[in-house]
Amino acid sequence: MTIHQKKKITNITWNRIISGLSFQNESIEDTLFLFENLQKECNFIPDEITIKNILNLCAEHNLLSKAINIFTDMKNRYKTKPDEKHYSCIFKAYIKNNKFKEVKELFFKMEKEGITIKHEATFVLLLNNDYIDLNFGKKLHSKIKELNLKSISLFTTLINMYSKFRCKEEFCNIFENEILKDNSIKPNHITLISILNAYADNEMYNECEEIFLSMQDRFGIEPDVSHYGCIIKAYIKSLQIEKALYQLNKLEKTIHSTERLDGIYSIMINGCSNLAVGKQLHDIVKIKPLLLNNIEINNNLIGMYARCGDLNQAIELFNNRINKKKESTNIYTWTIMIDALGKHNKGEEALDIYKRMLKETNIVPNTFTLSSILNACAESGLVQVAIHIFNSMKDFKILNDVHYACLIKALVKVKRVNEAMNLLKDMDERDIKPTEIIYSTLLLGCAETASLTLGKQLHFCIKEREKTISLPLINGLIDMYAKCGDLEESKLLFNQTKEDERDVMTWTAMINAFGQHGKGKEAIHTFYNMLRYTNPNETTFVVVLNACSHSGLVDDGLEIFEMMKKLEYVELNEMHYNCIVDMLGRSRRLDEAEKFIKENIKLPGITTWMTLLASCRTHNDLERAERVFSIISKHPLEGDVAAAHVLMSNIYSFAGMPEKSKNIRKLMDDNNVKKIPGKTFIEIDGVTHSFICEDKHHPQIEKIYNELDKLNNEMIEAGYVPDTSWVTRNNLITEEEKKRVLCLHSEKIALVYGLMNTAPGTTLTITKNLRVCGDCHNATKFISKLKGREIIVRDANRFHHFKDGKCSCNDYW
């Protein structure tokens, strides 16, 4: 057809032709070519129906960029305002490309432009995907209520969404009140699959059984293989193996498809988290040759054993499979084994399996395999290996946000936060958007390393990329700023959130921030304010009790503890008891602390006794310390027990009993147990510098020591007296030797470096990996006054804010 002939055809006709072609899948390229070409040659202007059909065509066939371009052109080029149907097509295109963040942004843009979703199909599309978050789901649900939309497909989708987030009350309410009490709406077989799955996945096993057994009489629906799969899963998860087998036997009598039964066995094995039940299922598989030779069933068995803690059996099954013919394994066999080893912190073994797969088979690793091996390396600290694998993936152009998340986690775990942050630039270059998990991991890295500069950069980056910052990220930012010493920024972020929109983690993060900075009263006030809006969880009680402990608010802490004991929705654990032991011990109520342990804790752990031992050290209670240490020393000399030996050695040294102190140190040497060396970190201009006691490696160490000598003399003239009782090394004899070592503690070296390299009046923030020693605490008060600096010290337990010769802890620490 010539251009002239084309021009004779009206716009209306062309719209009908293109709309018709858009439904013929075999002519996608021709349809799009005609759509573009007519606009160039004939001034063709597509109408809104044609645009909707073309957008839908692009969405169906994963042509995201094309769809976005056409959608963007609607207003300017086609003079057509997008409506709900056009937005729905773009939603579909984004969802098919796993870009749910863009879906949310587009939804809010749609709202701003005054376009309201009115059709059930659009709500179902938005709700029925793997990437939806709970807050957005609830927002959509409230819109559905406003519009009074009711349909079985809509309610079924909402049940699935709420079940995924374990919102029992919400999905039960939809089923029991919205569906069962409305005569105009009848559950279909898909609805029953959804509610049975919801009950099974959320440990509501009795409800699951009740619905399943009454399906025929109550709803007139005969259970099919999918319904049987749900009830069998519920029975397996609730350890009712006999009932599961009974239903399985019934099912086997009604269907003859081995393939469909394979699926049921897979559901049973995948739903199993109890080793004894898993072994029973394995025994059944062994006597069924068709199942025994099924790759998927065997893969599921490997995963089940690993999940239930029997890694050796998982490895044995895996080895049996790979020693058979090549057809006995597939990519998932290898991936499941790599993943299992990674989760059991066996990165080296996972790497061996990965290398073996590449060498001995023709299997090409998929994105899940690569995620699993990266994660295994991350968990085991094999950072360089992870980097090597990650870099090799660039050639295959298969990198996605999950792979970046794994590598970032690996780098953060070994405190290489700067490198982890640099990966954000790499993601930008590849047009891969960082996920909430990636941001959260980086925030955690900044918090753990007290890297305030990096934390601020990350906060700016999040604000620049995200139109709205999600609540979990706000929670992470509150925590990060607090742990980097900037309590004011934490408070600002917290106060910017509405009280009724905060979740339990928001409140807990702020309570913890106050507690870490010695603001016990503010922590308690925030805790009681929280009770007006949401229930605290176990972690909330740990942080508020810790806040009471560090601020000496014993009566308040005991009152909160008594409140906790009466609540049904929280469970007391060792951490809560240890908080009370610490609280009583710090306040010199050691008799009560020891009595509390004996009367309340059946089997006190090492940490509990360590907590009491630390209080004995604080208050020089040698007799009690020896009694507690005798209990601890019955355990193997490792971990916390090794730390207890260091503490007891220090107690003897402090009590003037060097021989006993030496004996404990000798015992540690004989068992090759090393004391964790004290390190202090300070960040200057975005670079973190670390120092140890009597440091010799820093490039400016000579200059630092010269300045430190001058500062030490200034402090002595001002009234500072070195407290040599904090020197616990037994090889030092004279007071002068001890004073010299005290002067060269890592905290003092870091502070002098900070004074040398920052402008007068700048606040200094240092981080100590252990508890700050009493002499350094006293010296820092003098330094803050002499140099007119505010100094923030974060040690292993809390923050100390020094200003004008005083500390925020009031020497209660």
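In plain terms, the two heavy atoms of Pro82 and Ile115 that are nearest each other are O-CD1, 3.2 Å. Heavy-atom minimum distance, Thr191 versus Thr156: OG1-OG1, 2.9 Å. When all heavy atoms of Lys92 and Ala59 are compared, the pair lying nearest together is CD-CB, 3.8 Å. Nearest approach of Ile338 to Thr369, heavy atoms of both residues: CD1-CG2, 4.1 Å. Annotation for Val364 and Ile331: closest pair O-CD1, 3.6 Å, computed over non-hydrogen atoms. The shortest non-hydrogen separation linking Cys167 to Glu170 is CB-OE1, 3.1 Å.
In this structure, the side chains of His86 and Glu48 come closer than 4.5 Å at one or more pairs of heavy atoms. Contact annotation: the side chain of Met204 approaches that of Phe171 to within less than 4.5 Å [non-hydrogen atoms, C-beta and beyond]. Between His189 and Leu192, every side-chain heavy-atom pair lies at or beyond the 4.5 Å cut-off. Between Cys172 and Tyr199 the shortest side-chain heavy-atom distance falls below 4.5 Å. Residues Ser440 and Leu473 have side chains in contact (heavy-atom distance under 4.5 Å, counting atoms from C-beta outward). The closest side-chain heavy-atom distance from Asp133 to Ser470 is not below 4.5 Å. A 4.5 Å side-chain heavy-atom check between Leu55 and Ile90 finds at least one atom pair inside the cut-off. At a threshold of 4.5 Å between non-hydrogen side-chain atoms, the residues Lys143 and Ile117 do not count as touching.
How far CG of Leu493 is from CD1 of Ile474: 7.0 Å, rounded to the nearest 0.5 Å. To the nearest 0.5 Å, the span separating CD on Glu60 from CG on Leu57 amounts to 8.5 Å. Atom OH of Tyr228 and atom CD1 of Ile264 lie 10.0 Å apart (nearest 0.5 Å). How far CD of Glu84 is from OG1 of Thr116: 8.5 Å, rounded to the nearest 0.5 Å. Rounding to the nearest 0.5 angstrom, the gap separating the CD1 atom in Ile195 from the CD1 atom in Ile174 is 8.5 Å. Atom-to-atom distance recorded for Ser372:OG and Met337:CE is 11.0 Å, nearest 0.5 angstrom.
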Practice prompt. Dump the intermediate steps for side chain to side chain contact (heavy atoms under 4.5 Å, CB included) on Asp262 and Glu296, then the final yes or no.
Written response: CA-CA 8 Å; Asp262 289 352; Glu296 187 182 352; 5.8 Å; no
Discussion item. Go through it in stages, so that I can follow the logic: the residues are Leu411 and Leu423, the test is side chain to side chain contact (heavy atoms under 4.5 Å, CB included), and I'd like the CA-CA distance, side-chain angles, deciding distance and then a yes or no.
Written reply: CA-CA 10 Å; Leu411 290 164; Leu423 286 172; 3.8 Å; yes
Item to complete: Determine, step by step, whether Asn197 and Ser194 satisfy the side chain to side chain donor-acceptor pair (under 3.5 Å) criterion, reporting the C-alpha distance in whole Å, the side-chain angles of both residues, the deciding distance to 0.1 Å, and the verdict.
Response: CA-CA 5 Å; Asn197 259 325; Ser194 293; over 6 Å; no
Worksheet item: Please walk me through it: do Phe390 and Tyr404 pass ring pair (Phe, Tyr, Trp, His ring centres under 6.0 Å)?
Response: CA-CA 8 Å; Phe390 182 86; Tyr404 276 96; 4.9 Å; yes
Discussion item. Please evaluate residues Tyr162 and Glu169 with respect to the criterion side chain to side chain donor-acceptor pair (under 3.5 Å), reporting the C-alpha separation (whole Å), side-chain torsions for both, the decisive distance (0.1 Å), and the verdict.
Written reply: CA-CA 9 Å; Tyr162 280 122; Glu169 187 179 335; over 6 Å; no
Item to complete: In sequence, state the C-alpha distance, the side-chain angles, and the governing distance for Ile179 and Ile152, and then conclude on side chain to side chain contact (heavy atoms under 4.5 Å, CB included).
Response: CA-CA 8 Å; Ile179 296 177; Ile152 196 61; 4.0 Å; yes
Practice prompt. Take Leu290 and Asn294 through the side chain to side chain contact (heavy atoms under 4.5 Å, CB included) test and state the conclusion after the steps.
Written response: CA-CA 6 Å; Leu290 288 174; Asn294 183 290; over 6 Å; no
Worksheet item: Checking side chain to side chain donor-acceptor pair (under 3.5 Å) for the pair Thr50/Asn53: CA distance, chi angles, key distance, verdict?
Response: CA-CA 5 Å; Thr50 303; Asn53 290 333; 5.7 Å; no
Worksheet item: Yes or no on salt bridge (Lys or Arg N to Asp or Glu O under 4.0 Å) for Asp83 and Lys118, after CA distance, side-chain angles and deciding distance?
Response: CA-CA 11 Å; Asp83 64 15; Lys118 295 176 182 176; over 6 Å; no
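Panel note: side chain Asn135, backbone Lys138; no donor-acceptor pair is recorded below 3.5 Å. The main-chain N or O of Ile478 is never found under 3.5 Å from a side-chain atom of Asn475 such that the two would form a donor-acceptor pair. The backbone N or O of Lys52 sits nowhere less than 3.5 Å from a side-chain atom of Asn56 that would complete a donor-acceptor pair. Judged purely by atom type and a 3.5 angstrom limit, Asn330 uses its side chain to pair as donor or acceptor with the backbone of Thr333. Side-chain atoms of Thr335 do not come within 3.5 Å of backbone N or O of Tyr332 as any donor-acceptor pair. Panel note: side chain Asn202, backbone Ala198; a donor-acceptor pair is recorded below 3.5 Å. Formation of a donor-acceptor pair under 3.5 Å by the Asn97 side chain with backbone atoms of Ala93 is found in this model. For Arg307 (side chain) and Gly271 (main-chain N/O), no donor-acceptor pair under 3.5 Å exists by modelled atom type.
By the ring-ring contact (aromatic ring centres under 6.0 Å, His included) test, Tyr354 pairs with no residue at all, sequence neighbours left out.
Note: Phe91 and Phe107 have tilted aromatic rings, judged against thresholds of 30 and 60 degrees for the angle between ring planes.
Taking the centre of each ring, Phe155 and Phe175 stay at or above the 6.0 Å mark.
The environment of CZ in Phe368 is sparse: at most 12 heavy-atom neighbours from other residues, nucleotides or ligands sit within 6.0 Å. Within a 6.0 Å sphere centred on CD of Glu113, heavy atoms belonging to other residues, nucleotides or ligands number more than 12. The number of heavy atoms from other shown groups lying within 6.0 Å of NZ (Lys85) does not exceed 12. Residue Ile437 qualifies as open at atom CD1: its count of foreign heavy atoms under 6.0 Å is 12 or below.
Applying side chain to side chain contact (heavy atoms under 4.5 Å, CB included) to Cys406 and the options Leu374, Thr441, Ile373, Leu370 leaves one that passes, Leu374. Of the options Lys168, Lys164, Lys233, Arg166, a salt bridge (charged side-chain N to carboxylate O under 4.0 Å, His left out) to Asp201 is made by Lys233 and by none of the others. Of the candidates Phe123, Phe100, Phe165, Phe136 forms a ring pair (Phe, Tyr, Trp, His ring centres under 6.0 Å) with just one, namely Phe100.
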Enumerate, atom names and distances included, each donor-acceptor pair closer than 3.5 Å involving a side-chain atom of residues 210-222, sequence neighbours excluded.
residue : atom : partner : partner atom : Å
Ser214  : OG   : Glu210  : O            : 2.8
Ser214  : OG   : Ile211  : O            : 3.3

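No hydrogens or angles considered: a donor-acceptor pair under 3.5 Å links the side chains of Ser266 and Asn300. Between Asn160 and Ser163, the side chains place no donor N or O within less than 3.5 Å of an acceptor N or O (distance only, hydrogens not considered).
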